[in-house]
A.B. asks: 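Sharing a structure with you now.
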Amino acid sequence: MNSLLETAALLVTAAGLLSALAALAGTRRPRLALRVLLDFLTAAGLLRLSHDPAWDGILLVAALVAVRKIAVFGMVPSALPPPAGRERGPGAGPAPGPNRSVR
């Protein structure tokens, strides 16, 4: 069973690399490719952890999940509103009021 889980983890890692390259080639979006790669690496880490649940394996998976969360958080556009006076961009004209329609 040990060899089977190690082989499965290795195959998942290889599939993650290939999938990330395919996502990058197909979409030209490095952020998406990185997310795909990190998801596959997380799966491979969990497979390795199921083989031998020692503390070093647990710490490795926890670090991988933390890196994944930080990387994904850095990729998401900010949920904060733009600064006052810049809601519509430069040169956009006056903001539509209650009686004006947006064209």
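What you see is a predicted model; the values in this text were computed from it and never measured.
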A.B. asks: Rounded to the nearest 0.5 Å, how far does CG of L11 lie from CZ of F40?
C.D. replies: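 If I round to the nearest 0.5 Å, the distance is 11.5 Å.
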A.B. asks: Determine, using the 4.5 Å side-chain heavy-atom cutoff (strictly less than), whether L17 and L64 are members of one ILVMFWY cluster.
C.D. replies: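 Shared cluster, yes.
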A.B. asks: Under the side chain to side chain contact (heavy atoms under 4.5 Å, CB included) test, which residues partner A66, sequence neighbours left out?
C.D. replies: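 A66 satisfies side chain to side chain contact (heavy atoms under 4.5 Å, CB included) with no residue once adjacent residues are dropped.
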A.B. asks: Answer whether the closest heavy-atom distance between the side chains of T13 and R48 falls below 4.5 Å.
C.D. replies: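 Answer yes - side chains close enough.
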A.B. asks: A44 and A9: which non-hydrogen atoms are nearest, and at how many Å?
C.D. replies: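 It is CB-O, 3.6 Å.
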A.B. asks: Restricting to side chain to side chain contact (heavy atoms under 4.5 Å, CB included), what partner residues turn up for V65, sequence neighbours left out?
C.D. replies: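 Partners of V65 by the side chain to side chain contact (heavy atoms under 4.5 Å, CB included) criterion, ordered by chain and then number, come out as T42, V61, K69.
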A.B. asks: Looking at A54 and L49, what are the two nearest heavy atoms and their distance?
C.D. replies: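 For A54 versus L49, the nearest heavy atoms are O-CD1, 4.4 Å.
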A.B. asks: Could you tell me the separation between the CZ atom of R68 and the CG atom of L34, rounded to the nearest 0.5 Å?
C.D. replies: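 Here the rounded value is 10.0 Å.
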A.B. asks: Once you round to the nearest 0.5 Å, how far does CG of L5 lie from CG of L47?
C.D. replies: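 It is 6.5 Å, given to the nearest 0.5 Å.
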A.B. asks: Are L46 and W55 in one and the same hydrophobic cluster, where Ile, Leu, Val, Met, Phe, Trp and Tyr link if side-chain heavy atoms are under 4.5 Å apart?
C.D. replies: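 Yes, because L46 and W55 connect within a single hydrophobic cluster, where side-chain heavy atoms sit under 4.5 Å apart.
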A.B. asks: Mind checking whether S19 and L37 have side chains closer than 4.5 Å, heavy atoms only?
C.D. replies: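 When only atoms from C-beta onward are counted, L37 and S19 do not touch, as no gap falls below 4.5 Å.
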